[in-house]
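Data first, discussion second: the structure below is written as structure tokens.
Proteins get letters first, then strands, A, B, ... in listed order; numbering begins at 1 in each.
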Number of protein chains: 2
Amino acid sequence: MTGITVRSTMSRKGSPATIIDVAKAAGVSKSAAARVLSNNGSASARTRMAVLDAAARLGYRPNQLAKAMKAGSTQSIGIVVPDVANPFFSSVLSGFSAAARSAGFEVIVMSTDNTADIEARSLELLAEKRVDGIAVAPALTDASPTIEQLRSEGLPLVLIDRRLPNLGAIPLVSMDHAAATELATQALITSGHSDIAIVTEARATASEITELLDLDDHATSLLRPSMQRLVGHARALRAHDIAFDESLVVTAPYDREQAAVVVADFLRTDHHATAIHGTNAILSYASYRAFKQLGVVIPDDLSFVGFDDQDWMLLVHPAVTVVGQAARELGEAAAQTLIQRIAQDTDVHDVFLSARLIERGSIREVNPA
Amino acid sequence: MTGITVRSTMSRKGSPATIIDVAKAAGVSKSAAARVLSNNGSASARTRMAVLDAAARLGYRPNQLAKAMKAGSTQSIGIVVPDVANPFFSSVLSGFSAAARSAGFEVIVMSTDNTADIEARSLELLAEKRVDGIAVAPALTDASPTIEQLRSEGLPLVLIDRRLPNLGAIPLVSMDHAAATELATQALITSGHSDIAIVTEARATASEITELLDLDDHATSLLRPSMQRLVGHARALRAHDIAFDESLVVTAPYDREQAAVVVADFLRTDHHATAIHGTNAILSYASYRAFKQLGVVIPDDLSFVGFDDQDWMLLVHPAVTVVGQAARELGEAAAQTLIQRIAQDTDVHDVFLSARLIERGSIREVNPA
DNA sequence: ATGAAAGCGCTAACAT
DNA sequence: ATGTTAGCGCTTTCAT
């Protein structure tokens with residue numbers, strides 16, 4: 001007998017050791033190896049040792065592709081968001097990943113640049129990868145045939161942040177948009193304000209809003225988030241018999257620079273607002289840019305309530321009173337809901353997280369005239 | 001003959017149509033179907049039609065798992081970051097995803113909470129999923145056996161933001177940390193400052209820094225980013241014959257709240273600094289919190305240079321002069337480098353992006369005494 | 001142009 | 001306890 005030949009620890013470059021390599025090295029059959037490696041089925045101590053040892057020596061790494069193929073499940077879920085760099089979505093993502101991981105799922109993230117095309121393609125890709133389910137925060141389109149298609153194929157789905165029309169029975173995980181702005185406007189009213197401007201992406205006349213106010217909860221939840229938020233504002237107004245003044249609705253695009261211009265234009269106007277509410281992170285930031293540019297002093301000249309607690313809100317003077325949504329928790333809830341939906345087919349229902357008002361110093365108390 | 005029976009458009013729930021289903025429905029063989037579906041090989045117009053039609057009717061969706069198994073390539077790459085919710089990394093991510101997508105790769109994102117354990121597990125998972133390559137922004141540990149292991153297995157790898165000791169020949173995509181802070185300190189010196197405090201995660205005595213200054217570029221790049229940045233500061237000082245004063249080094253943890261406390265403590269001290277530089281996003285933010293809390297007026301009481309251009313820097317008064325790193329571009333470069341590395345084995349080299357100084361209003365010109 | 005068959009790595013009956 | 005075998009969905013020779 002010649003001396004022992006030590007096989008290289010390394011598998012040949014580019015192709016990791018397979019279970020067959022391990023079996024051979026251990027001198028047992030493929031299935032014996034499989035049994036000990038997946039810890040399922042019986043094996044003698046001797047076999048077990050030999051296999052484990054060979055696996056370690058060879059740096060065996062199970063091929064999840066093959067496993068998934070057999071099992072019909074990849075233990076991975078997808079999440080599709082408009083923009084990973086948006087602080088709201090990156091927080092959602094962070095919660096989503098953490099929750100998924102602790103449930104034994106991996107996450108494949110797709111960012112769509114808020115583009116319907118990329119969104120559709122991303123969803124298809126995820127489906128082709130045979131993820132076990134997908135959470136999607138839809139781009140700002142009115143409907144997504146792809147989502148509907150996937151749903152009808154029976155792929156577990158969860159919607160984040162907004163429901164889409166015509167999308168039957170896909171659970172939604174979202175904050176209650178209307179309730180959130182209602183909170184903000186309510187706070188302003190409580191402090192004595194009644195001429196409250198609102199910076200929003202939505203556009204609506206007083207009569208349109210009035211109609212919307214009569215919608216039931218479900219119908220409301222079908223509106224775009226921005227519109228839902230505007231409805232919440234109108235609700236608070238109505239609760240205090242304050243007329244909805246459409247000249248106080250500042251409709252601005254979802255873009256820092258452009259929105260800042262729009263808000264500045266409004267402020268230069270002969271408006272009568274004593275308070276103003278920015279209804280999302282971008283718009284709140286843009287509003288503040290406009291205040292700074294025009295030398296508007298908060299809260300002396302104008303009271304302000306922001307949306308989505310952001311870093312800068314603590315840095316400016318005074319710190320900004322804001323409606324905060326728990327983005328991370330929302331992500332966690334989305335993952336949990338999706339995984340639940342994957343586990344059993346039992347109907348899983350919508351999850352609404354409520355926003356809370358974080359009071360700081362940007363509202364001035366006024367005595368009602 | 002009976003009438004035509006229209007098969008349900010839908011495949012049975014949970015199991016999408018396979019290529020065999022399509023072949024059957026089209027009345028051809030599996031391989032014929034495969035040929036037209038992958039557009040590779042010859043087929044008569046008649047066959048082509050029949051197959052395409054059947055595929056559409058059945059909602060056929062290729063199983064990428066099976067494809068990858070055959071091909072030995074998944075066309076997907078992984079990226080591992082300490083925290084997706086950190087603005088720097090989410091921007092990196094955004095660039096990375098975009099670049100990967102346009103090169104035909106999908107991205108699997110893993111967020112590790114800056115934990116060595118999770119990082120190791122994430123890397124293994126990615127490898128088991130047989131991604132074609134991985135980009136990793138390492139957690140703050142000193143070494144990663146897992147990364148080294150994967151490298152030795154021949155898996156294409158790219159490091160983001162920092163190199164790890166003992167990690168042979170893995171290309172690095174990063175900003176030049178030392179050059180970045182050098183820029184900041186240089187700007188302060190040019191404006192007449194010489195007593196410049198620096199807020200950093202690193203800790204070093206004057207003599208330690210002196211030693212570090214003699215390191216060559218490669219050795220320097222092996223240091224932690226925070227230490228590299230401190231070295232850059234020291235370099236600028238030395239270039240102007242200003243002594244490195246270790247009492248001006250404010251060592252703070254990577255945590256908004258705690259760092260703010262540390263900076264405030266320093267400011268209350270009887271220091272002689274006329275300027276201060278925060279060396280990363282968190283620390284810059286924390287510094288500003290401390291300024292606000294203590295009523296320090298920028299730049300009258302103290303000149304300030306921040307790091308990583310952030311939203312709030314434009315909102316405070318005066319706007320903050322900052323060293324900006326192009327996070328998105330960095331992500332793009334990382335993806336490109338990785339993909340290049342996957343394509344050919346040709347040596348791919350390090351990529352350094354340079355930071356630039358964005359001059360705004362937080363530096364006061366002083367006349368050197 | 002088309003079909004039969006092998007094989008990617010793994011698991012799970014089913015023998016023995 | 002262990003080995004043999006079939007099969008997950010796909011591509012790709014290899015015949016025909």
Problem - A:Ser29 side chain, from C-beta outward: closest of D:dT4, C:dG3, C:dG9 - result: D:dT4
Practice task
Return the value, rounded to whole Å, for the distance between atom CG of B:Leu65 and atom P of D:dC10.
Solution key: 10 Å
Handout entry: Nearest-angstrom distance from the residue atom CD1 of A:Ile19 to P of C:dA12
Key = 11 Å
Problem - Rounded distance (Å) that lies between atom C1' of D:dT2 and atom CG of A:Leu37 - result: 16 Å
Practice task
Flag the pair A:Leu65 / B:Glu128 as yes when at least one side-chain heavy-atom distance between them is below 4.5 Å, and no otherwise.
Solution key: no
Handout entry: Short side-chain N/O contact from B:Lys67 to OP1 or OP2 of D:dT11, under 4.0 Å
Key = yes
Practice task
Looking at every strand, decide which applies to A:Ala34 at a 4.0 Å heavy-atom threshold: base, sugar-phosphate, or nothing.
Solution key: base
Practice task
Please confirm whether the backbone N or O of A:Arg162 pairs with a side-chain atom of A:Ser174, one donor and one acceptor, at under 3.5 Å?
Solution key: no
Exercise for the section: Considering just the side-chain nitrogens and oxygens of B:Lys30, establish if one lies under 4.0 Å of OP1 or OP2 belonging to D:dC10. Expected result: no
Completion exercise
DNA chain C nearest-nucleotide lookup for B:Val28 and A:Ala71: closer to the 5′ end is B:Val28
Practice task
Measure from CZ on B:Arg46 to P on C:dA1 and round the result to the nearest Å.
Solution key: 15 Å
Handout entry: Residue-phosphate contact under 4.0 Å: B:Thr18 side-chain N/O, D:dG9 OP1/OP2
Key = no
Problem - Distance-minimising heavy-atom pair for A:Ala100 and A:Ile77 - result: CB-CD1, 3.8 Å
Handout entry: Under-4.0 Å side-chain N/O to phosphate OP1/OP2 contact, A:Ser44 with D:dT2
Key = yes
Problem - Below 4.0 Å: OP1/OP2 of D:dT2 and any side-chain N or O of A:Thr47 - result: yes
Practice task
Take the protein atom CZ of B:Arg61 and the nucleotide atom P of D:dC8, then report the distance between them rounded to whole Å.
Solution key: 20 Å
Fill in the blank from the handout: Picking from C:dA5, D:dG3, D:dG7, the nucleotide nearest the side-chain atoms of B:Ser31 would be C:dA5
Problem - Separation of atom CD in A:Gln75 from atom C1' in C:dC10, rounded to whole Å - result: 16 Å
Exercise for the section: Could you check if a side-chain atom of B:Asp83 sits within less than 4.5 angstrom of a side-chain atom of B:Asn114, using non-hydrogen atoms only? Expected result: no
Practice task
Assess whether one donor atom and one acceptor atom, taken from the side chain of A:Arg130 and the base of D:dG9, lie less than 3.5 Å apart.
Solution key: no
Practice task
Flag the pair B:Ser94 / A:Val84 as yes when at least one side-chain heavy-atom distance between them is below 4.5 Å, and no otherwise.
Solution key: yes
Handout entry: Separation of C:dG7 P from A:Asn63 CG (nearest whole Å)
Key = 18 Å
Practice task
Return no unless some side-chain N or O of B:Ser42 is found under 4.0 Å from OP1 or OP2 of C:dA1.
Solution key: yes
Practice task
Report the distance from atom NZ of A:Lys70 to atom C1' of D:dA6, rounded to the nearest whole Å.
Solution key: 8 Å
